[in-house]
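Reviewing the structure listed below.
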Number of protein chains: 2
Amino acid sequence: MKPLFHPDTADIQLSSVLYALSDPVRLMIVFKLKQAGERACGDIELPIAKSTVTHHSRTLREAGIIRTRVHGTQRILSLREDDLETRFPGLLNSILASYEDTVEI
Amino acid sequence: MKPLFHPDTADIQLSSVLYALSDPVRLMIVFKLKQAGERACGDIELPIAKSTVTHHSRTLREAGIIRTRVHGTQRILSLREDDLETRFPGLLNSILASYEDTVEI
DNA sequence: TCTATTGTTCGATAATCATAGTACAATAAA
DNA sequence: TTTATTGTACTATGATTATCGAACAATAGA
């Protein structure tokens, strides 16, 4: 397995964050992590194939939005809330609030 | 000239807004509009071809982020700040604040 | 050790996109 | 009316992307 790249907090790019969150599936993943705290990849109910989940997870991780931790055969995903708050104060919460207003939970 | 489509405020999609703002050029356009109030297409200094500016303007307009008004041979662009504030309170300012923190103006 | 679980990697595909150049349309100005 | 200005329409292109299936790797459990 390849090592899991996570950008340093200072290297998180606004454009990358916005792009990563512009996909409905990824936004859903992030929202569920916000609610659940952390979750294994497979425990997030999504209407897409396994390999597609991997793709979206990588996009979110490389943008600096989530952290991936290995636990047995699982990959535990968690939101980098503190890092994002440090880098872009208020941004994540503002986006998630907009999401919550838009989607029926 | 084709009619200029502008989505109703209620039809503005979060994903579309985030996607439109995930491009550095478009983010720059929006930031300059925030500062200038409104601007003609050609008055926004950008390192890209005319036809590419048109492309980005359309993306922003169809996402509901800017309004385009015809004035002579010019197209005047303006931010739909009030509409965005109505639809997604705090979102635009939060993104622009993050942009301002990141880029040296 | 064998099997099941979990997720990645690889390859493929169809779609979208950012970019540019050229030609054109609309309007203003001379 | 002719010319200049401003931006769009159209076409093309190379790059990226979201998606999937099949094969593989790593680990846990029996």
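All chains are named by letter (A, B, ...) in the order of the sequence lines, taking the proteins before the strands, and each is independently numbered beginning at 1. As the structure is a computational prediction, the values presented were derived from the model and not from experiment.
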List the steps, then state whether salt bridge (charged side-chain N to carboxylate O under 4.0 Å, His left out) holds for Arg67(B) with Glu38(B). CA-CA 9 Å; Arg67(B) 181 169 287 113; Glu38(B) 62 175 27; over 6 Å; no
Give me the residues of residues 46-56 of chain A where at least one heavy atom lies under 4.0 Å from an atom of DNA chain D, by number, or none. Ile48(A), Ala49(A), Ser51(A), Thr52(A), His55(A), His56(A)
Between C1' of dT19(D) and CD1 of Ile29(A), the distance in whole Å: 14 Å
Are any of the side-chain heavy atoms of Tyr99(A) and Met28(A) separated by less than 4.5 Å? yes
Interatomic distance, Gln74(A) atom CD to Asp43(A) atom CG [nearest 0.5 angstrom]: 6.0 Å
Whole Å only: how far is the CZ atom of Arg69(A) from the P atom of dA26(D)? 20 Å
Rounded distance (Å) that lies between atom P of dT6(D) and atom CZ of Arg39(B): 15 Å
For Arg26(B) and dA18(C), is the shortest distance between a side-chain N/O and OP1 or OP2 below 4.0 Å? yes
Between P on dA28(C) and CD1 on Ile76(B), what's the gap in Å once rounded to a whole number? 12 Å
Working to the nearest 0.5 angstrom, can you tell me the gap between Arg75(B) CZ and Ile66(B) CD1? 12.5 Å
Of Leu21(B), Leu46(B), Thr59(B), Ile65(B), the one forming a side chain to side chain contact (heavy atoms under 4.5 Å, CB included) with Arg26(B) is Thr59(B)
Let me know, please, whether Ser22(A) or Asp43(B) comes out on the 5' side of the other along DNA chain D by nearest nucleotide. Asp43(B)
Check whether Leu77(A) and Phe31(A) end up in the same hydrophobic cluster, where Ile, Leu, Val, Met, Phe, Trp and Tyr are linked by side-chain heavy atoms less than 4.5 Å apart. yes
Holding to salt bridge (Lys or Arg N to Asp or Glu O under 4.0 Å), I want the full list of residues that pass it with Glu85(B), two or more places apart in sequence or in another chain. none
Between Gln74(B) (CD) and dA28(C) (P), how many Å, whole number? 10 Å
Below 4.0 Å: OP1/OP2 of dA18(D) and any side-chain N or O of Tyr19(A): yes
Separation between CD1 of Ile76(A) and CG of Leu33(A), rounded to the nearest 0.5 Å: 10.5 Å
Return the value, rounded to whole Å, for the distance between atom CZ of Arg58(B) and atom C1' of dT16(C). 13 Å
Taking only nitrogen or oxygen atoms into account, show me every contact under 3.5 Å that the protein makes with nucleotides 28-30 of chain D, one pair per line with its distance.
none

Do Val25(B) and Ile95(B) belong together in a cluster built from hydrophobic side chains that touch within less than 4.5 Å? yes
Distance in angstrom units between Leu60(B) CG and dC17(C) C1', rounded: 14 Å
